[in-house]
Amino acid sequence: MFPIFKPAGDSAITIIFGDEIDENVNKKVHAVAEAIEEAASEWLIEVVPTYTSVYIYYDPLKISYSEVLEAVKPFLSAEPREEEKRIIEIPVAYGGEFGPDIEFVAEYNGLTVEEVIEIHSKPLYRVYMLGFLPGFAYLGGMDERIATPRLEKPRLKVPAGSVGIAGKQTGWYAIESPGGWRLIGRTPLKTFDPSKSPPSIVKAGDYVKFVPISEEEFWEIYKQEWGESNDRAC
């Protein structure tokens, strides 16, 4: 059944490798994407890996859709490279002003706040993809015991670093933006900085470990990262 090829507009093709979030499928997606990128064909504009598919953007003045199909087929045999896991620790201050929805998450799932924190900070989360916003990491591996629906009405302003839950997913807002995820905490790290290369502290294929910290530790790290006092951050 897979892979499935589909056109995406007049200058892109989608190669679909699965229909559900799965670590092995995602590893295959990145292996194929990397192989296509490394070939550096003159018609290639961009390769974008997602949870289960690869988007290939091409120059229609240099190659046709059918020719792209034939050109990428040799790369479908690419296999994931055996690499040591790159684990990024993300300190998080849970609850209070940092996580105004944590009580709702606990009550919705019949848990205590302490249990939510323990469950959320226990796994290693795989970064499946970056998207939605600059530096926004979509993570896999959250325990379904803390799965919680999105807000019915999204917030107009979510502080950078806010850690949230939406359905069976978790992640953090790397920049300030509107958002509808249930906020359970916040990291003091500046996880996206356009002045740096790469601008994001994580990349697809990395693993994330959330580490609970106190309010005092939050502000200490925050001032080091952002160069601001806590009154400016509120």
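Residues take their numbers from the sequence shown, with the count starting at 1.
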Is any side-chain heavy atom of [X] closer than 4.5 Å to a side-chain heavy atom of [Y]?
X	Y	value
H120	V163	yes
E37	E46	no
V116	Y94	no
F17	T52	no
V32	L76	yes

Under 3.5 Å: donor-acceptor pair, side chain of [X], backbone of [Y]:
X	Y	value
T187	P91	yes
R186	A160	yes
S53	T50	no
T14	Y55	no
R182	P149	yes

Cluster question for you: counting only ILVMFWY and a side-chain heavy-atom cut-off of under 4.5 Å, with indirect links fine, are [X] and [Y] together?
X	Y	answer
V211	I146	no
F5	F2	no
V127	V48	no
M129	V25	no
I13	I16	no

How far does [atom1] of [X] sit from [atom2] of [Y], to the nearest 0.5 angstrom?
X	Y	atom1	atom2	answer
R145	I119	CZ	CD1	4.0 Å
F192	L133	CZ	CG	10.0 Å
I90	T191	CD1	OG1	6.5 Å
E216	E220	CD	CD	10.0 Å

- Message: Strictly by side-chain hydrogen bond (donor to acceptor under 3.5 Å, both in side chains), give each pair with a member in residues 58-72 just once, sequence neighbours left out.
- Response: S64-S66, S64-E67, E70-K73
Holding to salt bridge (Lys or Arg N to Asp or Glu O under 4.0 Å), I want the full list of residues that pass it with [X], two or more places apart in sequence or in another chain.
X	result
E144	K168
E38	R81
E23	K27
R86	D206

Heavy atoms only: give me the nearest [X]-[Y] pair and the separation to one decimal.
X	Y	value
A137	V202	CB-CG2, 4.0 Å
I102	I184	CD1-O, 3.7 Å
P60	S11	CD-CB, 3.8 Å
Y173	G180	OH-N, 3.4 Å
G171	W181	N-CZ3, 3.5 Å
P159	S162	O-OG, 2.8 Å

State which residues pass side-chain contact (heavy atoms from CB on, under 4.5 Å) with [X]; sequence neighbours excluded, sorted by chain then number.
X	value
A93	F98, I213, F218
E225	L189, K190, I221
P123	Y125

- Task: Let me see the working for L139 and F210 under side chain to side chain contact (heavy atoms under 4.5 Å, CB included), right down to the final yes or no.
- Result: CA-CA 12 Å; L139 308 178; F210 292 116; 3.7 Å; yes
- Message: Running the 4.5 Å side-chain criterion over Ile, Leu, Val, Met, Phe, Trp and Tyr, what cluster does Y108 land in, apart from itself?
- Response: F104
- Task: Would you mind listing the cluster partners of Y207? Hydrophobic ones only (ILVMFWY), side-chain contacts under 4.5 Å, chaining allowed.
- Result: I87, L124
- Query: Below 6.0 angstrom between ring centroids: does that apply to Y128 and Y51?
  - Reply: yes
- side chain to side chain contact (heavy atoms under 4.5 Å, CB included) between V92 and S121: does it pass, once the steps are laid out? CA-CA 9 Å; V92 178; S121 60; over 6 Å; no
- Item | Atom CD of E215 with >12 non-hydrogen neighbours under 6.0 angstrom | yes
- Message: Please list all pairs meeting salt bridge (charged side-chain N to carboxylate O under 4.0 Å, His left out) that have one or both residues in residues 6-19, counting only residues at least two apart or in different chains.
- Response: none
- Could you give all pairs that pass the salt bridge (charged side-chain N to carboxylate O under 4.0 Å, His left out) test and reach residues 100-127, with sequence neighbours left out? D101-R155
- Parallel, tilted or perpendicular: which fits the ring planes of W226 and Y222, with parallel below 30° and perpendicular above 60°? parallel
